[in-house]
Structures are given as C-alpha cells and as structure tokens.
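Single-structure report; data block below.
Excluded from the calculations below are hydrogen atoms, water molecules and symmetry mates; all remaining heavy atoms, backbone and side chain alike, are included. To find a chain, count down the sequence lines: A is the first, B the second, and so on, and within it residues start at 1.
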2 protein chains.
Amino acid sequence: MEEKRYLPHIAYDSVIFGFSGNQLKILIMKYHNTGLFALPGGFVKMDEDLNAAVRRGLKERTGLDNIYLEQFYTFGDVARYQSGVMKTILEANGYSVPENHWMLDRFISIAYYALINYDKVVPTPDALSDSCDWYALDKLPPLMQDHRLIVEKALQTLRDNLERKLVGVNLLPPLFTMNELQKVYEAILGEKLRRTTFQRKMLSLNFLQRHDKQYSGKAHKAPYLYSFKQ
Amino acid sequence: MEEKRYLPHIAYDSVIFGFSGNQLKILIMKYHNTGLFALPGGFVKMDEDLNAAVRRGLKERTGLDNIYLEQFYTFGDVARYQSGVMKTILEANGYSVPENHWMLDRFISIAYYALINYDKVVPTPDALSDSCDWYALDKLPPLMQDHRLIVEKALQTLRDNLERKLVGVNLLPPLFTMNELQKVYEAILGEKLRRTTFQRKMLSLNFLQRHDKQYSGKAHKAPYLYSFKQ
DNA sequence: CCAAAAGTGTTTTAGCTACACCCATGA
DNA sequence: TCATGGGTGTAGCTAAAACACTTTTGG
C-alpha cells in the first residue's frame, strides 16, 4: 500500500455479475468498522497493463482466472471523489494518514464488468474489508461515492450487448436447461419473455448443443440439457 | 505546460469525424520538425472534470462548442508508451527536457470520438504542432504510438452505434437531401446501400422532417430537403 | 386420469428485397 | 424528347410473433 508502487490518480472498479436463484447478483465489499459498502476495485502497478491489474484483482476476490471481462466506461468527474471517505476507511483500519497521502488524492476510475459462474466463486475480502458478498441487484446496500451509478451503467451496457455477445456461457454451468437460460435473459433485461419464442430464437442462433434429458423428479416432461457449442 | 497543473499519467485522445466529399474524415495533428502525426489529445487539469477537459481541447482545435462527444475506450497497456517519442517532440520545440519530466512518464489514455459539421470547423494547431488537418480514413498518414488502433476502435464503435444513435444530425448541415444522408451511412459502414430500401427505412424511423424541394440546376427531378425533427 | 412444464406445428404479421414504374428537371 | 436521378407502388420472400396443440412426467 506504500506510495510509488501504484500509478497515482488512477483506479479501477469492477461490477462482478453472477446468477443464482433466478436473480442477477453482484459482489460488494464492506469496509471494516465503517458501514461503507463499495465495488471491488484497486490500483494499477507502475509496470502493469491496466487490464492485467483488473484481472489480478478479480483473481484475488473470486479465485478465478480467465474471467469474461469488459471495460465499459471511465468515470472522471471531480465531484466523484471525497477525500474524507478514503481517510475514514484507512483510519478505521489503524493507519495513521498524512494529509498528502496518495490515496487521498483525486482518482479517475476505469470501470469493468465481469460475468462469472456463481457456483465456482469463493468471495474473498481484502485487507481493508471484512466481507465480500453477493447482493441481488434490487437489494443493494447504499454504496459509497458514485458506485451506484457505476452499477447502473454496467447493467445498461450488459443489456445493450446482450444480443451481440454470448452472455449465458459465462453465467451458467456447462450443462443447463432452456428454462435456466431464459431466466438469465429475463434477469438481465428485467422483463418476462415468451417461452416458445425464446426457445426457437435460441435454437435458431445455432450455438446450443442438445444433450440427454434431465429427470428432475417433478411431475412433468423432462427438459433437455444444453451446452454451448465450441 | 508546467508540472502540477495537470493530472500525471492521464491523457485523452479524440477521433474527430467530419463528412466532406462523400468521405468520412478525421482531424490529425502534425508536430513541428518531427514528421510525427497524432490524434488531437491533451491533459486533464487538477480540478477539471475529464469530459470538460476533452471539450476544452475540442474547442481549441475546432472552435466549436456543444459537440457530439462519446467516450469509447481507455487504453492502458504499458507497451503503448515510448518515452522517446514525447522527448523528441518536446526537444523539437526547443524545450530542454529533464529525465524525470512528467510528460515522459507512462500515460493511460481515455479515448473519445466526436461528430462535427465539417463546414463549420476551422482546424487550429496547438503550440507543439504546425498543422491540424482533415484526412480521409483511407489516406491516413502513419500515426505515432497506438493512435492507429484508437482510430480503428473509434470507427468500429461508431458502426456499432449507427443503428441506435442519431448520427447524421451531427455530421450534416441543418438541411440535406436523402442522398446525402445515404452517403454518410455508406461512408461509415464502408459499403453501398440500396437506394429505395434506405429511403423507406429512414422515413419509417420517423425522425425526418420533409421540407421544400431543392432545385440543383441538374437535369433531373429535384430532391426534397430534410431536417432532423426536434 | 390429472396437472404441470416442455416441445413443436401452424397461422398471422411485419419488415425487407427486388423490380417496376412514374415524376420532375434541364439540355 | 431524352437522359438522369428521385420517389413510390407492388409482389414475393423471410423471420418473428402469437396461438394452439401434443408430449412427457409423477402423483
């Protein structure tokens, strides 16, 4: 955490999406003894690529490599930064903070969103925080600074990209039912979709591989299992 | 240009699109005595919003306020920066540059694209450059650092946004013919479009206002003039 | 046999393409 | 009256939506 190891004035924040219980959820950190909630973020080392810094942070918080990751906006308003907030966090962790500490400066933040398989993640807090947990999008705690805005822009970008990119492959396990895939789309779009239309559209896109049926033990026809081709 | 006025390690670059002679063109600067070509860019003042810094730079280079502006990516690789290039530029302008000059450090660059009305612009070079001129996209000079990549990503983003955003309104004068609008779309997409299909699609989108015909003096039916509604 | 969910066949609708035709204009 | 480019009508095709129907499963 000492000065000169990281680029000053530059940070990143990540909106990490997972899917569980038919809901879209994101990872939120809680800082020690402050009641402050924040997106997982971090800094860029002097000799480190920006994208590599974000992947390093994701690895630390989720334990996962090779995450689907997309940069979507850089937040650079002066007003987004209040130096008092960071001072509170550092002092609550027992650091004595000089007035000119580099972490109290103004920061620009490059924001990314990530899509991961919920079941494979072990959320891990960092040194400054006492928890790192999943929160459903409609039950987020109040977030510090402009992090709420960052989440909303991430979700908007994800919606805009939904038709162009293969989103499901990153949020679902290797085998899944058509109904589960539909629930992912509904959670992202925030609206119900027609079952039959959805099924035909997905099949027509020709990226699904059909496998044996799954017998759920329920009193109805067993659904096929699917995986993503290639 | 002195230290402490600008945020270190942070720059922006802008891809400024204009439309003329049925071609898409962008503004390129040439640095004094170096043969180096670059995108118009700049730095962010300590107490200035990032977006405001970019608008300030655009105003200086084009004379225009209220430009259509969109941030599309932040370039943060270590390899994008070679300190020798900036040193060459500064020395060619008569500055004696100490080894630890802030402009020789590694920079992250936030990239924007702008859409402007070609006819309203007076391209203006800055203190370090001896020209600021329009270049057609297929006749760009070799650009320094990763600026070529930035241009290509800007064009790709513009294409992706073409269906979702009102692009023509920023590139054309207030009154224009359907044929001129089609030429804009063709220049952006890099392909020919069908005349009749294009006309009907644009009219069906319901954002065009039809005005009196324009008598061109040519030996054929005079086309209607259009403007964008609202 | 029934209820519930899955899968598919059929009809309807909407949008796009291709082609044709007519119109207006100045030489 | 001719060539040229502009505007629109129409038939045909394709993809999506809407609806209905059948199938499979466990109680």
Student check: side-chain heavy atoms of A:Trp134 and A:Ser20 closer than 4.5 Å | no
Going by heavy atoms in the side chains, are A:Asp133 and A:Leu27 under 4.5 Å from each other?
->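 No, too far: nothing below the 4.5 Å cut-off.
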Show your working on side-chain contact (heavy atoms from CB on, under 4.5 Å) between A:Lys165 and A:Tyr68 and close with a plain yes or no.
-> CA-CA 11 Å; A:Lys165 318 226 174 184; A:Tyr68 178 92; 3.4 Å; yes
Can you name the residues that form a side chain to side chain contact (heavy atoms under 4.5 Å, CB included) with A:Leu175, not counting sequence neighbours?
->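 Result, side chain to side chain contact (heavy atoms under 4.5 Å, CB included) vs A:Leu175: A:His211, A:Leu225, A:Ser227.
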Can you name the residues that form a side chain to side chain contact (heavy atoms under 4.5 Å, CB included) with A:Arg195, not counting sequence neighbours?
-> A:Gln182
Between B:Gly217 and B:Arg195, just flag the one whose closest nucleotide in DNA chain C comes earlier from the 5' side.
->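 In this pair, the answer is B:Arg195.
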Send over the distance from [X] [atom1] to [N] [atom2], rounded to a whole Å.
{"X": "B:Gln199", "N": "D:dT10", "atom1": "CD", "atom2": "C1'", "result": "16 Å"}
{"X": "A:Arg210", "N": "C:dG7", "atom1": "CZ", "atom2": "P", "result": "6 Å"}
{"X": "B:Lys213", "N": "D:dG5", "atom1": "NZ", "atom2": "P", "result": "17 Å"}
{"X": "B:Lys201", "N": "C:dC16", "atom1": "NZ", "atom2": "C1'", "result": "8 Å"}
{"X": "A:Leu181", "N": "C:dA6", "atom1": "CG", "atom2": "P", "result": "13 Å"}
{"X": "A:Met178", "N": "C:dA6", "atom1": "CE", "atom2": "P", "result": "11 Å"}
{"X": "A:Glu180", "N": "C:dA6", "atom1": "CD", "atom2": "P", "result": "10 Å"}
{"X": "B:Phe198", "N": "C:dT17", "atom1": "CZ", "atom2": "C1'", "result": "16 Å"}

Name the nucleic acid region contacted by B:Ser204, choosing base, sugar-phosphate or nothing; use a 4.0 angstrom heavy-atom cut-off, strictly under.
->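 The answer is nothing, as B:Ser204 stays clear of every strand by at least 4.0 Å.
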Set of salt bridge (charged side-chain N to carboxylate O under 4.0 Å, His left out) partners for B:Arg80, sequence neighbours left out | B:Asp13, B:Asp146
Quick one: salt bridge (charged side-chain N to carboxylate O under 4.0 Å, His left out) partners of B:Asp160, sequence neighbours excluded?
-> A:Arg164
Neighbours of DNA chain C within residues 220-228 of chain B, by heavy-atom distance under 4.0 Å |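 Of all residues in residues 220-228 of chain B, the ones placing a heavy atom under 4.0 Å from DNA chain C are B:His220, B:Lys221, B:Ala222.
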By nearest nucleotide on DNA chain D, pick out whichever of A:Thr196 and A:Ala219 is the more 5' one.
-> A:Thr196
Compute both the distance and the angle, then confirm whether A:Arg210 meets the cation-pi test with A:Tyr224: under 6.0 Å from the six-membered ring centre, within 45 degrees of the axis.
->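 Output yes; distance and angle both within limits.
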Between C:dA18 and B:Arg194, is there an OP1 or OP2 to side-chain N/O distance shorter than 4.0 Å?
->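 It does, given that an N or O in the side chain of B:Arg194 lies less than 4.0 Å from OP1 or OP2 of C:dA18.
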Can a side chain N or O of A:Thr197 be found less than 4.0 Å away from OP1 or OP2 on D:dA16?
->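 So the side chain of A:Thr197 is outside the cut-off, no N or O lying under 4.0 Å from OP1 or OP2 of D:dA16.
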Start with the C-alpha distance between B:Phe17 and B:Phe19, add both sets of side-chain angles, then the distance that settles ring pair (Phe, Tyr, Trp, His ring centres under 6.0 Å), and finish with yes or no.
-> CA-CA 7 Å; B:Phe17 289 104; B:Phe19 184 74; over 10 Å; no
Under-3.5 Å N/O pairs linking protein and nucleotides 10-15 of chain C:
none

